[in-house]
Amino acid sequence: MSEPPHDVDLIAIARRVLHENGFSPDLPAHLADAIPASDPVEGVRDLRHLPWSSIDNLESRDLDQIETATQLPNKAIRLLVGIADVDALVPRDSPIDKFAATNTATLYTPTHIFPMLPFVLSEDRTSLLDNVDRLAMITEMVVREDGSLDDEATAIYPARVCNQAKLVYERVGAWLESDGELHHDTDERPPPPAIAAQVLLQDEAARRLRRRRFEHGALEFETIEARAISKDGKIVDLQVQRKNRARELVEDLMIAANGATARFLEMRGYSSIRRVVRQPKRWDRIIELAQSFGVTLPVEPNAIALADFMTARRQAEPSRFGDLSLSIVKLLGPGEYVLQRATDPDIGHFGLAVQDYTHSTAPNRRYPDLITQRLLKAAAVKAPSPYTDVELTAIAAHCTERENAARKVERTLRKVAAAALLQSRIDDEFDGIITGATDKGVFVRLLHPAAEGRIVRGERGLDVGQRVRVRLVHTDVERGFVDFVAVHYDGR
C-alpha cells in the first residue's frame, strides 16, 4: 500500500537523481568571475538593421536562435539563421568550458533548471533576447522553390544582431493556422510590421524544406511530450505539448541549418561531430505494428515505406496518430554523436532522411553545438581545426554517454512528477499505451494525465504500441515509482 499523500522537496530529489547519474547539479560560484567583461568586435558584421525575430516558449530566456529572410527574384528565399555566439565569451578550455564539457547539456526538471552555462550567460549575455545587441554566428542559406538548398551559396560568419520580437510558439502557431493578429510577447513595444511578413516568408521556406524532406522519406511524427506544471513547488498537472505550425517552422529551419553547417565543414575538408540515427534495430516490431493496420513493410528498414505508412495513418486516424508516433520513435532508438571526417561515408539520420546532419543550433544548452561553432569559425576563415580527430572522437563518445544519462534523469524525474501528481489516486483506472517492453520491465504512458509508469502484474504478452487499461496500485515519489496492473489490452 502507498503512504498517504505528502509534500516532498522536488528540487532536492532532482539534485539527488543528477548526482546518482554522474552530473554536477550546481555551477561553482567562481565560474562567473571568468566571463570576459566585453564582447569581441573585430571581424564582426553589423546586421542589427535586419528584421530578426525568435519563436520560443513564453518563459524561455536561453534563446539560441533568431531568423530573418528575403525573397529573391528567382522565387528562391535567402534565409539567415542567427545562432548565439557562445564561443565568443566561453573560449575553449576556460573554466566555464570545462564545466560545460562535464555535463554537456542544460537539464530541465519539473521544478528547476540546471544550466550548462551560468545564467548570466545563457539567459543574458549569450542569449538572443529581444531589443538588445548580441553576437551571433550567421548561417546564410538559399532555399530554392523545390525546397533544395544551394550549398554553393551557404555562408557562415559572425555578426552583431538585434532580435526585434520575441514570439511564442502557441500564439504564432494559432496565427499561422488562422487569420489573426501577430502578438508580441513582452510588455515592451509591439513588433514592427515587417515581422508579420517575415514570419510568413520563413513559414514558406520551412514548408518547402519540409516537403523536400518528406519526398526523401522523412518521418512525420506527432510526438506527445508531457510537461509537468508546477505551482508553489508542487506538481499540479502533466500537460501534453503538441506540435503546431510555429514549432514545425522552427524545427524545419533548424534541420536545414544543421544540414548546411555539416556540409559547409565537409566541403572545406574539416572533420566534425555528426548527429546520426542508424537504421532501427527493432524493425521487426515496426513491421508487426504496420501489419496490425493491414500494411506490409519491406523486410529491410526502408524510410520511404515507413514514411508513407505514417502519413496514411495520420490521415486515417488523426486522434490516435500521436500514440503510433510515440511507438515508432521508441522503436527507432536514440541518436548518437560520432566523428565524421570529410572523406568518410555518411551514416545519416534515418528519421530525418538526411545524410549530412550535425547539432549546431543550441550552444547555450548543448555542448556538441558549442564544439561545432568553434569548428565553423575555423572553417569560415580557413584556419586550422581547433580539435584533432582523436579529440572529436572522445568528445562525441562522452556527449552520447551524457545524453543517455540525461535521458535517464529526465525519465526518472518525469516519473517523480507523475508519482507526486498521482499519489492520491490509488485504485483509479486509466487508459494508456505501452511505450517500452524490455527485460527491465513493461512501461505504460497514460493518455490522461500523460504520466508514465511500470506494469508490475498482467504484463505478459504486452509490447510497444498496444493500448491497455491499467489500475494504479502504488506510488513512491522519492524514487519515482508509479506501478500499475494491466486490466485489459487490445491486440495491437
Side-chain angles (χ1 to χ4, degrees), residues 8-36 59-64 84-127 227-228 230 233 235 273 275 334-337 359-374 386-387 391-417 420 477-480:
V8 293
D9 188 339
L10 294 176
I11 296 178
I13 292 175
R15 282 196 168 91
R16 172 179 58 78
V17 173
L18 263 65
H19 274 301
E20 290 172 351
N21 287 276
F23 290 99
S24 299
D26 301 301
L27 292 93
H30 71 274
L31 287 186
D33 298 334
I35 301 172
E59 68 278 9
S60 295
R61 288 190 56 82
D62 52 348
L63 305 186
D64 282 297
D85 189 349
V86 174
D87 175 66
L89 295 178
V90 184
R92 182 185 177 184
D93 292 332
S94 63
I96 296 175
D97 182 57
K98 290 179 179 178
F99 180 86
T102 300
N103 282 357
T104 75
T106 292
L107 298 165
Y108 298 89
T109 74
T111 55
H112 193 69
I113 297 174
F114 296 92
M116 182 182 80
L117 304 173
F119 283 128
V120 68
L121 288 175
S122 63
E123 294 191 352
D124 187 3
R125 291 187 61 193
T126 58
S127 177
R227 182 184 179 197
S230 62
I235 304 301
I273 293 178
R275 178 67 173 180
E336 60 183 298
Y337 296 104
H359 270 172
S360 66
T361 56
N364 272 310
R365 43 200 161 122
R366 270 192 324 227
Y367 194 65
D369 303 55
L370 180 53
I371 299 298
T372 300
Q373 187 167 90
R374 291 171 179 153
Y387 297 94
E391 288 171 329
L392 290 176
T393 299
I395 292 169
H398 176 63
C399 289
T400 297
E401 185 275 329
R402 286 292 80 198
E403 183 182 56
N404 292 337
R407 194 177 295 112
K408 183 178 179 181
V409 166
E410 291 167 0
R411 186 165 58 245
T412 298
L413 293 177
R414 280 199 303 270
K415 291 180 180 179
V416 166
V477 179
E478 291 285 344
R479 295 190 291 175

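- Atoms OG1 and OH, on Thr372 and Tyr387 in that order, are 9.5 Å from each other to the nearest 0.5 Å.
- Of the possible polar contacts, one joining the Arg402 side chain to the Gly22 backbone as a donor-acceptor pair under 3.5 Å is found.
- Side-chain atoms of Lys98 and Thr102, non-hydrogen and from C-beta on, never get closer than 4.5 Å to each other.
- Looking at every heavy atom in both residues, Ala420 comes nearest to Ile235 through CB-CG1, 4.3 Å.
- Side-chain atoms of Thr126 come within 3.5 Å of backbone N or O of Leu121 as a donor-acceptor pair.
- Across Val90 and Leu370, no two heavy atoms sit closer than the pair CG1-CD2, 4.4 Å.
- Atom CD1 in Ile395 sits 4.0 Å away from atom CD1 in Ile371 (nearest 0.5 Å).
- Here NE2 of His112 is found 6.5 Å from CG of Asp26. Values are rounded to the nearest 0.5 Å.
- Residues passing the side-chain contact (heavy atoms from CB on, under 4.5 Å) test with Asn103, sequence neighbours excluded: Phe23, Ser24, Phe99.
- Summarising the geometry, atom CG belonging to Leu27 is positioned 10.0 Å from atom CE belonging to Met116; distances are rounded to the nearest 0.5 Å.
- Among all heavy-atom pairs drawn from Tyr367 and Cys399, the shortest one is CD2-SG, 4.3 Å.
- In terms of modelled atom types and a separation under 3.5 Å, the side chain of Arg92 and the main chain of Pro386 share a donor-acceptor contact.
- With Asp369 contributing its side chain and Thr361 its backbone, the two residues share a donor-acceptor pair below 3.5 Å.
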What do the steps show when you test Arg61 against Ile113 for side chain to side chain contact (heavy atoms under 4.5 Å, CB included), and what is the final call? CA-CA 12 Å; Arg61 288 190 56 82; Ile113 297 174; over 6 Å; no

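- Between atom OG of residue Ser127 and atom CG of residue Asp62 there is a gap of 6.5 Å, rounded to the nearest 0.5 Å.
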CA sep, side-chain torsions, deciding dist, call: Ile96, Ile35, side chain to side chain contact (heavy atoms under 4.5 Å, CB included): CA-CA 8 Å; Ile96 296 175; Ile35 301 172; 3.5 Å; yes

Kindly list each side-chain donor-acceptor pair under 3.5 angstrom involving residues 406-415, sequence neighbours excluded, with atom names and distances?
from	atom 1	to	atom 2	distance (Å)
Arg407	NH1	Asn404	OD1	2.8
Thr412	OG1	Lys408	O	2.9

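- Put simply, the side chain of Asp87 does not reach to within 4.5 Å of the side chain of Pro363, judged on heavy atoms.
- Within the 3.5 Å criterion, the main-chain N or O of Ala101 finds a donor-acceptor partner in the side chain of His398.
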Please test Glu403 against Arg366 for side chain to side chain contact (heavy atoms under 4.5 Å, CB included), starting from the C-alpha separation and ending with a verdict. CA-CA 10 Å; Glu403 183 182 56; Arg366 270 192 324 227; 5.9 Å; no

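- Partners of His19 by ring pair (Phe, Tyr, Trp, His ring centres under 6.0 Å), not counting sequence neighbours: none found.
- Between the side chain of Gln373 and the main chain of Ala84, a donor-acceptor pair closer than 3.5 Å is present.
- Looking at Ser122, its side chain never comes within 3.5 Å of a backbone N or O of Asn364 through a donor-acceptor pair.
- Note that CZ of Arg15 and CG of Leu10 are 12.5 Å apart. Values are rounded to the nearest 0.5 Å.
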From CA spacing to verdict: side chain to side chain contact (heavy atoms under 4.5 Å, CB included), Thr104, Glu401: CA-CA 10 Å; Thr104 75; Glu401 185 275 329; over 6 Å; no

